[in-house]
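What follows is a short report on a single structure.
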Amino acid sequence: MKVHPFLVAGVAALVAVSAFGARLVVRQRAARARRLAPRVVDEPPPLVLRRPLVVPMPPVVQEEARPAPAPAPGGTLRVRVVGPHGLLLPTATVTAVRVGSDDDEVVLEAPTDDDDETDAAPDVRVATDLPMGRYLVTATAPGMRTGAARDVGLDGEVLTIALDRAPRLSGAVGELPGGCAGARIRVRAPADGGGIDGSVNEDCTFSIDDLPEGDPLAVDLFVGRGREPVARALVSVPVTGDPALVCLAPPCAPAPSPAAVVVYVADAAGRLVDDAEIEWTLEEEWRGEMMGMSTGAGVSYVSGRQPGETLDIGATVNGRHVATKIVVGAGVNDVVLTP
């Protein structure tokens with residue numbers, strides 16, 4: 001069957017118009033759907049929890065309040081001083097200095113009745129609360145050589161220092177134009193500008209104790225008011241305490257005597273007393289009459305004796321008296337009396 005061309009064209013146009021309308025409807029509906037659809041907002045990416053970075057820190061320690069450091073414990077020094085024959089010397093002076101330090105001297109004191117009983121012995125010198133270390137301890141006493149102990153520790157034990165008898169100088173003067181009246185001597189250590197002065201007896205003899213430290217000693221003889229010595233000698237002092245002998249302006253007549261007597265007075269405990277009256281008598285010439293006396297310290301030095309002499313020697317302490325008789329021998333003769 002033959003279709004008219006105009007009919008085909010109309011149908012094609014109608015199909016085209018329908019298709020266009022259908023597309024338009026679809027577009028309107030799509031646009032409307034978009035307007036009605038909820039608006040979608042971009043959300044941030046989900047938070048991902050990761051393990052935190054942990055930096056180790058030192059533990060916090062609560063510091064406790066600490067007391068102030070206690071002072072270093074002090075030490076105790078105890079010293080006993082003895083002389084010849086082991087006699088205790090309660091009048092001795094004892095000092096101590098710490099080795100290697102600039103500390104001043106510490107004087108050790110005699111305990112009092114209020115001190116601990118272990119320290120209450122009157123013959124022991126005590127110093128407490130001393131800085132720890134090693135010490136040089138020095139002891140002096142009248143009529144005695146100075147003694148020392150080195151490198152002493154503070155262990156609290158009693159240290160005993162023994163002192164020798166102090167040296168003496170005995171001498172005689174030879175012929176002088178005007179005799180020995182007014183003559184005098186001076187004993188000094190060569191490095192010392194001072195010295196110890198002494199007088200010359202009428203028989204031209206002399207004796208001096210408490211000699212200065214030094215060896216040898218210079219002995220100068222002066223006459224009248226002269227300032228320049230008329231004679232000089234160097235004397236080496238014996239270590240044992242025996243008298244040193246010297247002759248100035250020889251020849252010396254009489255010659256210095258090599259004999260002497262030292263009298264010690266002690267109590268029943270063996271302590272040298274500090275208040276005694278000592279007297280001696282030369283039997284052969286004085287027939288019982290007192291020849292010499294000393295009052296005060298419990299030690300007396302009787303010089304200028306001759307070997308073979310007989311002496312009566314007595315001592316009185318607080319009204320108590322004791323006496324003895326000795327024959328003088330060469331050198332130094334020691335006598336210990338206990339009233």
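Along the sequence shown, residues are numbered consecutively beginning with 1.
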Query raised in the report: Is the SG of C180 found under 2.5 Å away from the SG of C204?
Result: yes
Are side-chain heavy atoms of [X] and [Y] found at a separation under 4.5 Å?
| X | Y | value |
| --- | --- | --- |
| T310 | K325 | yes |
| V299 | V263 | no |
| V82 | T160 | yes |
| V79 | V158 | no |
| L272 | Y264 | yes |
| L234 | V246 | no |
| D151 | V99 | no |
| T76 | L130 | no |

[X] side chain to [Y] backbone, donor-acceptor under 3.5 Å:
| X | Y | value |
| --- | --- | --- |
| R186 | D220 | no |
| H321 | P339 | no |
| D267 | A269 | yes |
| N333 | A260 | yes |

What pair of heavy atoms forms the shortest contact from [X] to [Y], and how long is it?
| X | Y | result |
| --- | --- | --- |
| S199 | F206 | O-CB, 3.6 Å |
| R78 | G156 | NH1-O, 2.8 Å |
| I278 | S300 | CD1-CB, 3.7 Å |
| A266 | L87 | CB-CD2, 3.9 Å |
| V332 | R165 | CG1-NH2, 3.4 Å |

Does one hydrophobic cluster hold both [X] and [Y], with members joined at side-chain heavy-atom distances below 4.5 Å?
| X | Y | value |
| --- | --- | --- |
| M132 | L108 | yes |
| V81 | V97 | no |
| V302 | V335 | yes |
| L163 | V262 | yes |
| L136 | V94 | no |

First locate atom [atom1] of [X], then atom [atom2] of [Y], and finally report the distance between them rounded to the nearest 0.5 Å.
| X | Y | atom1 | atom2 | result |
| --- | --- | --- | --- | --- |
| L282 | L311 | CG | CG | 6.0 Å |
| D123 | L88 | CG | CG | 4.5 Å |
| D197 | I208 | CG | CD1 | 7.5 Å |
| R80 | L89 | CZ | CG | 11.5 Å |
| R150 | R134 | CZ | CZ | 14.0 Å |
| E105 | Y135 | CD | OH | 12.5 Å |

Query raised in the report: V137 and side-chain contact (heavy atoms from CB on, under 4.5 Å): which partner among V106, T95, V152?
Result: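 Exactly one candidate clears the test, V152.
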Report summary line: From the list T93, T140, I161, side-chain contact (heavy atoms from CB on, under 4.5 Å) with T146 holds only for T140
Requested in this report: Validate the cation-pi geometry between R227 and F222: distance from NZ or CZ to the six-membered ring centre under 6.0 Å, angle to the ring axis within 45°.
Outcome: no
Requested in this report: Determine, step by step, whether L221 and L176 satisfy the side chain to side chain contact (heavy atoms under 4.5 Å, CB included) criterion, reporting the C-alpha distance in whole Å, the side-chain angles of both residues, the deciding distance to 0.1 Å, and the verdict.
Outcome: CA-CA 11 Å; L221 173 65; L176 294 176; 4.2 Å; yes
Query - side chain to side chain contact (heavy atoms under 4.5 Å, CB included) between V126 and L77, intermediate numbers included - result: CA-CA 6 Å; V126 180; L77 191 59; over 6 Å; no
Query raised in the report: Heavy-atom count around D104 CG within 6.0 Å, excluding the residue itself: above 12?
Result: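 Open: at most 12 neighbouring heavy atoms sit under 6.0 Å from CG of D104.
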Query - side chain to side chain contact (heavy atoms under 4.5 Å, CB included) evaluation trace for V265 with E277 - result: CA-CA 9 Å; V265 183; E277 183 179 278; over 6 Å; no
**Report entry** side chain to side chain contact (heavy atoms under 4.5 Å, CB included) evaluation trace for V322 with T338
**Finding:** CA-CA 7 Å; V322 65; T338 303; over 6 Å; no
